[in-house]
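Shown next, in structure tokens, is the structure this report addresses.
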Amino acid sequence: MSEDKKPTEAASGNFIRDIIVEDLATGKTGGRVATRFPPEPNGYLHIGHAKSICVNFGLAAQFGGTTNLRFDDTNPTAEDVEYVEAIEEDVRWLGFQWAGMHFASDYFEQLYQIAERLIERGTAYVDSSSEEEIREARGNYYKKGVPTKHRDRPAAESLDLFRRMRAGEFPDGAHVLRAKIDLTSQNMNLRDPVLYRIRHAHHHRTGDKWCIYPMYDFAHPLSDAIEEITHSICTLEFESHRPLYDWCIREAEMFPSRQIEFAKLKLTHVLMSKRNLRELVQKGLVSGWDDPRMPTLAALRRRGYTPEAIRAFAERVGVAKADSVVDFSLLEYHLREDLNRRCPRVMAVLRPLKVVIENFPDGEVRELSAPLSPEDPSHGTRKVPFSRELYIERDDFREEPPKDWFRLAPGREVRLRYACLLKCNEVIKDAAGNVVELRCTWDPNSWGGTSPDGRVVRGTLHWVSAAHAVPAEARLYDRLFSVESPGATEGRNFVEELNPASLETLTDCRVEPWLAKAEIGARFQFERLGYFCVDRDSTDGKRVWNRTVTLKDTWAKIEAKSAGKKPVAKEGSKAPRATAPAPVAAPASSATAPLPLAAEITIDDFAKLDLRVGVIRSAELIPDAKKLLKLAVDLGEGRTRQIFAGLRSSYPDPAVLVGTRVVVAANLKPRQMKWGLSEGMVLAAGGAEGDPRPHRVLTVGDDAQPGDKVR
RNA sequence: UGGGGCGUCGACAAGCGGUAAGUCACGGGACUUUGGUUCCCGCAUCCGUAGGUUCGAAUCCUACCGCCCCAACCA
């Protein structure tokens, strides 16, 4: 990279960048970089397209090049103007500007002329066979293709037919123009691919001017060539089309655009195919293409995602050729990062619980000035009213607080953000026993929220003044699917994998008065809750707030962990069963350490494990391994299995394990380790409280026989 | 019974013969008037497997294994 045009961002390179740098160095493209984003206007753009947009526009921009927006509108029966406008809007929203906007249909005349030339040269011919006949003659992966009877028809005859095809003399399917390449090619795309077909259909741009339309494989390379695109970046599935791409350009003797393929973006917990998305819409499982739970750009925009976050995400994901599925949490990370930087902080109570401050004068209203961003003073401040009756979040009060709880509870003291310290004296319940009100007292010396005497108050709660807060609706969105790969499980429809809690609508929320006139699309952080934006369903009287994404919730994690810690099977417990819905020991794929249950492992996954009773016949330390023990486990299979388990720290003297009846995941793929093959995994659980040992193996009663199934 | 592509930490992903970057996730800690942010620390003796070449291999060679794509008049 000795020349001036090098990547501006020193981020790790990618292979396309390398190719461009190389091309620039050798002057292959005349020092020019031109890319294009070529959507077919037959649907809405989604997050997967966003990556492609970022790659095309990003790469060109990085090298001072240009990017065209080109609609690949060669199939009139599938396409519509409605989509071209939506696509334009999405690209613009993402923050990109195209150098030129084109349509493949603009080139129809040119393309037609090229086709005629091919016929004259004898490299294309009109085939009058039926679709089935052509398919049959084309052969398959193992059978070479054979010519149809029209392959050697004189050029003049083909030309005449082709002109009459254009003139509309024939019905759909009567003839087709084919490239004459190689019927015996191992690449099916080269077995005389169809170049033109007859379609008496109205085109969204050319109207009824044409009744023959070029195929993608013909139109795409030539459109690239016409626009002198230097690097035509597309996805992996077009790799085997590249020889045809090159053939078309060579035969047409045009600008040598080069096709480069990369892996398209896939995300966990998300369905991206047009077919699946349409099904969600048509079945009414979502409210529409821009339902904030959809992966379309229109939906993400409505949900409150920012273009910056999506671009940063795309950059981080990288460009490579390996099929991959990116963690949804990576997208959320970039979203939060951007939102954290830009959003003002405000207070809103989603599930109100009334608090009456008994020692605060009735009717008095104090106003406090609170910063809109504790970190960035440039956001300014706003006024927040404070009075005798407030609302706090229901979730912030527990009558019987768990361990480590530092929010409100009877007799406990918390801080009301920016206001004061507050102590709960009494809990008022309705006839049904529901908590309906808290009677509290405040410390008048703590105004502002400071501790007057240095006493430590760990919890800080958000709140609103009951009389001043404005009612609002909140739509709490979560992932649409509860499984990592929706639709991937055999025999199960993705509809069954929808997350039943993907939308929770709360209609009785209260937000601080400053928010009463927030504009549609405006984004805020509701302190301690998440990022929200105003939905277009809002009315003057009532705003509707979309939750874009929650804040990270360490407390939820702590609570989940302590709930999961309840032992499913204690050491020496009798029955060989692990019935708890939240098993504490998860099968680590690496068998290097029995981990506490990782959140990604679902109950379904756990159910797939074949858990069997095994008796440890020998156990020894591995001299050069920090964590591993080498076990020989008898599963009643007539031999022992060798299993490496990360239990060394828990059992410094492995001899005590010999003879122990343990639970073994028997159907895991054997894993080759440095010291040999590990053929399974011994389940272990986190130690009981106070137990210094990190893990204990799950054991079963003496009556269990090696090989017994554990349920 | 064919052709093409790809296999590096739980997920992405650098690396291009000189001895495994980074990010997310995860775990631990500091700080904190958001259990947020921020900041520290930890997290692949190993690069699908097996051989080979080399002083030296994730990088080169060979074989094997696994996954993805291709037999539309879709794009």
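Being a predicted model, the structure only gives us computed values, none of them experimental. Chain identifiers are assigned alphabetically (A, B, ...) following the order of the sequence lines, protein sequences preceding nucleic acid strands; residue numbering begins at 1 within each chain.
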What is the base-pairing partner of [N], counting Watson-Crick and G-U wobble geometry with both distances under 3.5 Å?
N     : answer
B/A75 : none
B/U49 : B/A63
B/G22 : B/C12

Between [N] and [M], how far is it from one [atom1] atom to the other, in whole Å?
N     : M     : atom1 : answer
B/C47 : B/G5  : P     : 24 Å
B/G66 : B/C73 : P     : 32 Å
B/A25 : B/U19 : P     : 31 Å
B/G52 : B/C67 : P     : 28 Å
B/G10 : B/A44 : P     : 10 Å
B/G7  : B/G48 : C1'   : 6 Å
B/C43 : B/A20 : P     : 14 Å
B/G27 : B/U37 : P     : 14 Å

Determine yes or no for a side-chain-to-main-chain donor-acceptor pair under 3.5 angstrom, with A/Glu527 supplying the side chain and A/Arg345 the backbone.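 No, because the side chain of A/Glu527 does not come within donor-acceptor range (under 3.5 Å) of the backbone of A/Arg345.
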
Indicate the ring-plane relationship of A/Phe103 and A/Phe71, choosing parallel, tilted or perpendicular according to the 30° and 60° boundaries.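 Ring orientation of A/Phe103 relative to A/Phe71: parallel.
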
Mind calculating the distance between [atom1] ([X]) and [atom2] ([N]) to the nearest angstrom?
X        : N     : atom1 : atom2 : result
A/Asp395 : B/U34 : CG    : P     : 19 Å
A/Leu350 : B/U34 : CG    : C1'   : 15 Å
A/Glu337 : B/U38 : CD    : C1'   : 12 Å
A/Glu22  : B/C16 : CD    : C1'   : 13 Å
A/Leu190 : B/G4  : CG    : C1'   : 12 Å
A/Arg336 : B/U34 : CZ    : C1'   : 14 Å
A/Ile558 : B/G35 : CD1   : C1'   : 6 Å
A/Glu315 : B/A14 : CD    : C1'   : 13 Å

Ring pair (Phe, Tyr, Trp, His ring centres under 6.0 Å) involving A/His203 - partner list, sequence neighbours excluded: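 A/Phe108, A/Tyr213.
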
Taking the cut-offs as 6.0 angstrom to the six-membered ring centre and 45 degrees off its axis, would you call A/Arg479 and A/Phe328 a cation-pi pair?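 So A/Arg479 doesn't make the cation-pi contact.
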
Does A/Asp182 have any side-chain hydrogen bond (donor to acceptor under 3.5 Å, both in side chains) partners at least two apart in sequence or in another chain, and if so, which?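 Listed in chain order: A/Thr184.
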
Contacts of type side-chain hydrogen bond (donor to acceptor under 3.5 Å, both in side chains), residue A/Tyr44, not counting sequence neighbours: A/Glu82

I'd like to check the salt bridge (charged side-chain N to carboxylate O under 4.0 Å, His left out) partners of A/Asp72; sequence neighbours left out, ordered by chain and number. none

Does [N] have its OP1 or OP2 closer than 4.0 Å to a side-chain nitrogen or oxygen of [X]?
X        : N     : value
A/Ser185 : B/G3  : no
A/Lys557 : B/C26 : yes
A/Lys143 : B/U1  : no
A/Arg345 : B/G36 : no

Check: B/U38 base within 3.5 Å donor-acceptor of A/Glu375 side chain: no

Does A/Arg242 make a side-chain donor-acceptor contact with the base of B/G4, cut-off 3.5 Å?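 In this structure, the two groups form no donor-acceptor pair.
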
Quick one: what's the B/S/- string for nucleotides 68-75 of chain B, heavy-atom cutoff under 4.0 Å, read 5' to 3'? SSBBSBSB

Pairs under 3.5 Å (N/O, protein and nucleotides 22-24 of chain B):
| unit_1 | atom_1 | unit_2 | atom_2 | d |
| --- | --- | --- | --- | --- |
| B/C24 | OP1 | A/Tyr333 | OH | 3.2 |

Anti or syn, where syn is a glycosidic angle within 90° of 0; which label fits B/A72? syn

Nearest-nucleotide check on RNA chain B, A/Tyr418 vs A/Phe15; residue mapping nearer the 5' end is A/Phe15

By nearest heavy atom, map A/Ser451 and A/Val317 onto RNA chain B; which one lands nearer the 5' end?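 This one resolves to A/Val317.
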
Students often get this wrong, so: under 4.0 angstrom with heavy atoms, is [X] touching a base, only sugar-phosphate, or nothing?
X        : answer
A/Val457 : nothing
A/Val319 : sugar-phosphate
A/Asp404 : base
A/Glu332 : nothing
A/Phe406 : base

Taking only residues two or more places apart in sequence or in another chain, which ones pass side chain to side chain contact (heavy atoms under 4.5 Å, CB included) with [X]?
X        : result
A/Arg415 : A/Leu421, A/Val457, A/Thr460
A/Ala348 : A/Val511, A/Phe526
A/Ala137 : A/Val146, A/Thr148

Establish, yes or no, whether a centroid distance under 6.0 Å links the rings of A/Tyr216 and A/His220.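 Ring-ring flag for A/Tyr216/A/His220: true, centres closer than 6.0 Å.
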
Going by atom types only, do A/Ser185 and A/Asn187 share a side-chain donor-acceptor pair under 3.5 Å? no

Please pick, from B/G27, B/C6, B/C16, the nucleotide with the shortest atom-to-atom distance to any side-chain atom of A/Lys561.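 The answer is B/G27, which lies nearest to the side chain.
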
